[in-house]
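Step one of this worksheet: look at the structure below.
Everything numeric here is computed off the predicted structure, so don't read it as measured data. For ligands, and for the atoms within them, numbers begin at 1 and follow the listed sequence.
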Amino acid sequence: MEEHIRDSALDTSANHDAAAITVARGDGIGREIMEQTLRLLDAAGARLRIEEIRVGAALYQAGHSSGIAPEAWETLRRNPVLLKAPITTPQGGGYKSLNVTIRKTLGLYANVRPVRAFAPFVPSAHPAMDLIIVRENEEDLYAGIEHQQTAEVVQCLKLVSRPGCERLIRYAFELARRAGRRKVTCMTKDNIMKLSDGLFHRVFDEVAAEYPELQSDHAIIDIGAARLAASPERFDVVVTLNLYGDILSDIVAEIAGSVGLGGSANVGDRVAMFEAIHGSAPDIAGQGKANPAGLMQAAGLMLTHLGQAEIAGRMGNALLRTLEDGIHTADLGHSSHTTRRVGTEAFTDAVIARLGASPRSLAPFPPGDNRGPVRVRTQALAKPKKQLVGVDVFLDWDASDRQANVLGEALQAVAGDSFQLKMISNRGVKVYPGGFPETFCTDHWRCRFVSRAASVSKDGDAMLQSQPLAREQIPELLMRIAAAGFDCIKTEHLYEFDGTRAYSLGQGE
Ligand code: NAD
């Protein structure tokens, strides 16, 4: 583990208001572009106190399965803003993604990726695009909770929490307000995932109402993604769940023009990590031709986060002017605007020489907002009344030619006095009672038991109402199911919250 205070012009004792940051130089082109980015930060007058950690290939080889040594966490705690160059992730089993480890360990809940085209200086099919994707970073299908439950079926749990949605969505609106954006678009698939994506959409609507000066709208992710790819200039800030955001971020980076130009931020309550969006590009490593602009843009995001936005603006505008002047690295393609093809160092020289200049035709970076990190607070909600009303029992069952009626009749017999078997579904399609023989069935069955309805009197009328269940009644039911010879592989309790059903109905139910 090599870790030391960097002796640099950025780290002078006169720098009383210097911000403490951690730098990781990474692998491949990472080391080259970090060197040049630090030169630019220095020349631009960034007030930084830098401590370095090592991450990446060498650490993986030394036996650290996440590519980071235990001591490095202490450094990150001391200097909670990390500027990280890309690393090379070893192929094969046993290695964990460093980025995922850092995000999860440090609670970096928001992934922020601004994407802008620099046409005509860098060719782009969408010259007017200028948007920010804000992606939830910790939840959704990325919780990494997967199980194989039967010979044929595996599952991945999608977890979405109200505080997780709320802080991310608040972050997106605060960022939009600070960055002078006009509109925030939410993308979900809540026409299908009514509870999980539905929660995200609902919280979005609640938070949007607190920002009346910003437009807000919602798009179903499939059509939203298609529109984003076809006409990205129609979008401003897009906020979405983890998986959708992962895909959208790469789509917009790809269509903007060059993977070498984008930077991103991963932000948490205490710690934030800034990096280029590209990888370590082993194919061009050591050749001095990598484009450092992506990491420079990430450094600009970092300075804004640290309350040094005017320096971020100086760096950003010098970068724009360099591109306008036709000084381009090899990855930027063939543009009639290219006057000079340069390597990493000469590109940085050109940017440094233009510090203080403004772009001539590209829109300059907006005047800086020096308020520092966007901080959000979530609101504590009154706990809803939770009532147990049933249980979904999942069975591994591969008998009697998988005829749902056979299973249904056997389970009716063990339901007992408190439960009734409401239905059985297979991969979400109801197959009992009244299933279709054409429905393909696997060995994985969801059997829904609900509390037997009792007759109650309301306003003088007799009506049937579900009875609340006691917790102990579920294991009693499971014991009866096991005694009848069935293999229960998992259960999901069915609840009502404040009297509202809080589980999905089966298809055909
Ligand atoms: P990559 O982004 O490294 O390279 C893709 C292509 O883009 C290559 O042809 C490369 O030469 C080019 N390219 C990328 N950045 C460039 C730049 N700044 N200037 C000029 N050309 C550039 O993606 P990859 O090849 O799939 O991955 C290489 C390694 O990077 C892998 O080990 C991967 O795991 C790792 N990676 C790390 C991060 C990270 O640390 N955040 C992100 C993505 C990939």
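Between Asn426 and Arg446, the side chains place no donor N or O within less than 3.5 Å of an acceptor N or O (distance only, hydrogens not considered). Looking only at atom types and distance, the side chain of Asn99 has no donor-acceptor partner in the side chain of Ser97 under 3.5 Å away.
Within the cation-pi definition used here (under 6.0 Å to the ring centroid, within 45° of the axis), Arg116 qualifies as a partner of Phe365.
Taking every non-hydrogen atom of Asn99 and a distance limit under 4.0 Å, the qualifying atoms of ligand 1 come out as 41 (N). Interface of Ala290 with ligand 1, defined as ligand atoms under 4.0 Å from a residue heavy atom, comprises 19 (N). Distances below 4.0 Å separate heavy atoms of Lys84 from the following atoms of ligand 1: 39 (C), 40 (O), 41 (N). For ligand 1, the atoms lying closer than 4.0 Å to a non-hydrogen atom of Pro282 are 28 (C).
Neither the backbone nor the side chain of Lys289 has a heavy atom within less than 4.0 Å of ligand 1. When non-hydrogen atoms are compared, ligand 1 lies under 4.0 Å from the side chain of Asp283 (C-beta onward) but not from its backbone.
Remark: Ile133 CD1 to Tyr244 OH distance equals 14.5 Å, nearest 0.5 Å.
Between Ala281 and ligand 1, a contact under 3.5 Å exists for at least one N or O pair. For Ile87, a nitrogen or oxygen atom sits less than 3.5 Å from a nitrogen or oxygen atom of ligand 1, counting backbone and side chain alike. Checked against a 3.5 angstrom limit, the closest N/O atoms of Thr89 and ligand 1 fall inside it.
Salt-bridge formation is detected for the pair Glu492/Lys490: a Lys NZ or Arg NE/NH1/NH2 atom is positioned less than 4.0 Å from an Asp or Glu carboxylate oxygen. Here Arg182 pairs with Asp236 in a salt bridge; the nearest charged N to carboxylate O distance falls below 4.0 Å. The pair Asp325-Arg360 counts as a salt bridge, with a side-chain nitrogen and a carboxylate oxygen less than 4.0 angstrom apart.
In terms of protein heavy atoms, atom 7 (O) of ligand 1 is closest to Val259 CG1, 3.8 Å.
Closer than 4.0 Å to atom 41 (N) of ligand 1 lies at least one heavy atom of the protein. Less than 4.0 angstrom separates atom 36 (N) of ligand 1 from at least one non-hydrogen atom of the protein. Counting only heavy atoms, the protein gets under 4.0 Å from atom 30 (O) of ligand 1. Taking a distance limit of 4.0 Å, we find that atom 5 (C) of ligand 1 is approached by no protein heavy atom. Protein heavy atoms are absent from the space less than 4.0 angstrom from atom 26 (O) of ligand 1.
Among Gly67, Gly279, Gly28, the residue whose heavy atom lies closest to atom 1 (P) of ligand 1 is Gly279. Distances from atom 22 (C) of ligand 1 to the heavy atoms of Ile284, Asn291, Leu295, Thr344 put Ile284 nearest. When the options Ile102, Ile29, Asn266 are ranked by their closest heavy atom to atom 16 (C) of ligand 1, first place goes to Ile29.
Here the side chain of Glu324 pairs a donor or acceptor atom with the backbone of Ser361 at under 3.5 angstrom. Remark: side-chain polar atoms of Ser196 are not paired, donor with acceptor, to backbone N or O of Asp140 under 3.5 angstrom.
His444 and Phe394 have tilted rings, their planes meeting at an angle from 30° to 60° on a 0 to 90° scale.
The environment of Arg340 atom CZ is sparse: at most 12 non-hydrogen atoms of other residues, nucleotides or ligands sit within 6.0 angstrom.
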